[in-house]
Colleague: 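Dropping a structure here in structure tokens format, bear with me for questions.
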Amino acid sequence: MQAELGKEKISGEAILESLNWRYATKNYDKTRKISAADWAVIEQALLLAPSSYGLQPYKFLVVSDPDVREKLRTAAWNQPQLTDASHLVVFAYKKTQTEADIARFIDRIAEVRGQARESLADYENLLNGSVKKAIDGGYIEVWNSRQAYIALGFLLETAAHLGIDATPMEGFDAAQFNQILGLTDYSAVAVAALGYRDAANDWLANLKKVRFPAEQLIEKI
Ligand SMILES: Cc1cc2nc3c(=O)[nH]c(=O)nc-3n(C[C@H](O)[C@H](O)[C@H](O)COP(=O)(O)O)c2cc1C
């Protein structure tokens, strides 16, 4: 990790240009595929997303099989992005967390940072306490699913900077998705289709972005 961001820092202007350019694409150009190099960046963005305590209680399913994508489309109100976009990612959160999951995470910290595992015992207890509270309080699924949305946000912004179109999607039947994808310990919560817009056939491509004015959303206290 660098102490300071190096010469590749993106200008504010470039960031806003990307964010204004992106839109929730409805129709993709089926003939255009995302390059392996760009896709690798998007996968890294998913891995680099922050999560509560760093627990990463989710999985990202990159679905390439056309038959599976066809089935998913039928469980997503027949939205064409499911089959026509270059890439499809299903965000699935973990339905619960066990002490074994926490232990695995602590092992990973010890490994990556070269720390003695014993030195992390207090932290492990703290995490187990937080997770137990969430399970007992009935909000572990809400908590874990929220973490997946942060990764979705990272993916959307990264794609925009790469000039790749993306659609965040919640319009699908999660139970059917779980069944099609064989998910049991995890549950699908969001989808992202990615590729290149078919601007000529997308009613939304040239419409203005609709947002409330800043003063209605950003309160300065
Ligand atoms: C969580 C979430 C779920 C969404 N679900 C769908 C969806 O199922 N299908 C779709 O075409 N767009 C979907 N959208 C896109 C939104 O309608 C879109 O982001 C919003 O209207 C703002 O427009 P923009 O993204 O083009 O700036 C979803 C967006 C989010 C953030």
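In this chain, residues are counted from 1 in sequence order. Start at 1 and go down the list; that is how both ligands and their atoms are numbered. Excluded from the calculations below are hydrogen atoms, water molecules and symmetry mates; all remaining heavy atoms, backbone and side chain alike, are included.
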Colleague: List ligand 1 atoms under 4.0 Å from Tyr23, heavy atoms only on the residue side.
Modeller: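 Near Tyr23, the atoms of ligand 1 are 26 (O).
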Colleague: Counting neighbours of CZ on Arg146 that are heavy atoms of other residues, nucleotides or ligands and sit closer than 6.0 Å, is the number greater than 12?
Modeller: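 It does not: Arg146 CZ has 12 such atoms or fewer within range.
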Colleague: Right, does atom 21 (O) of ligand 1 have protein non-hydrogen atoms nearer than 4.0 Å?
Modeller: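 No, no protein heavy atom sits under 4.0 Å from atom 21 (O) of ligand 1.
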Colleague: Would you say atom 17 (O) of ligand 1 touches the protein, meaning some protein heavy atom is under 4.0 Å from it?
Modeller: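 Protein heavy atoms within 4.0 Å of atom 17 (O) of ligand 1 - there are none.
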Colleague: Measure across Trp143 and Ser52 and return the closest heavy-atom pair with its distance rounded to 0.1 Å.
Modeller: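 That closest heavy-atom pairing would be CZ2-OG, 3.2 Å.
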Colleague: Specify the protein heavy atom at minimum distance from atom 27 (O) of ligand 1: its residue, its atom name, and the distance to 0.1 Å.
Modeller: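 Answer for atom 27 (O) of ligand 1: Lys209 NZ, 2.5 Å.
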Colleague: If you look at every heavy atom in Leu183 and Ala188, which pair is closest and at what distance?
Modeller: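 Closest pair (atom of Leu183, atom of Ala188, distance): CD1-N, 4.0 Å.
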Colleague: My understanding is that only one of Arg69, Arg73, Lys30, Glu70 makes a side-chain hydrogen bond (donor to acceptor under 3.5 Å, both in side chains) with Thr83; could you say which?
Modeller: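 For Thr83, the side-chain hydrogen bond (donor to acceptor under 3.5 Å, both in side chains) check succeeds only for Arg73.
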Colleague: How far is atom 15 (C) of ligand 1 from its nearest protein heavy atom, and which residue and atom is that?
Modeller: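 Of every protein heavy atom, Ala24 CB, 3.5 Å lies nearest to atom 15 (C) of ligand 1.
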Colleague: Which atoms from ligand 1 have a heavy atom of Gln81 less than 4.0 Å away?
Modeller: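 By the 4.0 Å cutoff, the relevant atoms are 11 (O).
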Colleague: Give the residue and atom name of whichever protein heavy atom lies nearest to atom 3 (C) of ligand 1, and the separation in Å to one decimal.
Modeller: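 Protein heavy atom at minimum distance: Glu170 N, 3.4 Å.
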Colleague: At a 4.0 Å threshold, what atoms of ligand 1 neighbour a non-hydrogen atom of Gly171?
Modeller: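 Once the distances to Gly171 are compared, the set is 8 (O).
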Colleague: So which protein heavy atom does atom 28 (C) of ligand 1 come closest to, and at what separation?
Modeller: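 Sorting protein heavy atoms by distance from atom 28 (C) of ligand 1 puts Pro168 O, 3.1 Å first.
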Colleague: Report yes or no: does Asn20 contribute a side-chain atom to a donor-acceptor pair with the main-chain N or O of Leu16 at less than 3.5 Å?
Modeller: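 Yes.
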Colleague: At less than 4.0 angstrom from any non-hydrogen atom of Lys26, what atoms of ligand 1 do you find?
Modeller: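 Selected atoms, number and element: 10 (C), 11 (O), 12 (N).
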Colleague: Determine, for Trp21 and Arg197, whether the Lys NZ or Arg CZ falls below 6.0 Å from the six-membered ring centre while staying within 45 degrees of the axis.
Modeller: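 Yes, cation above the ring, under 6.0 Å and within 45°.
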Colleague: Would you mind telling me if ligand 1 is within reach of the side chain of Arg211, the backbone, both or neither, using heavy atoms under 4.0 Å?
Modeller: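 It is the side chain that touches ligand 1; the backbone stays farther off.
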Colleague: State the atoms of ligand 1, each with its element, that fall below the 4.0 Å cut-off from a heavy-atom position in Arg22.
Modeller: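 Those qualifying, in numeric order: 24 (P), 25 (O), 27 (O).
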Colleague: Counting the benzene-type ring for Trp, do Tyr93 and Phe91 have ring centres under 6.0 Å apart?
Modeller: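 For Tyr93 and Phe91, the ring centres are not under 6.0 Å apart.
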Colleague: To the nearest 0.1 Å, how far is atom 9 (N) of ligand 1 from its closest protein heavy atom, and which atom is that?
Modeller: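 Looking at atom 9 (N) of ligand 1, the protein heavy atom closest to it is Gln79 OE1, 2.8 Å.
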Colleague: Report the C-alpha separation of Tyr149 and Glu170 in whole Å, then their side-chain angles, then the decisive distance to 0.1 Å, and conclude whether the side chain to side chain donor-acceptor pair (under 3.5 Å) test is met.
Modeller: CA-CA 11 Å; Tyr149 280 88; Glu170 271 181 330; 2.4 Å; yes
Colleague: Answer yes or no: is there a side-chain heavy-atom contact under 4.5 Å between Glu99 and Asn128?
Modeller: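 Side-chain contact under 4.5 Å: yes.
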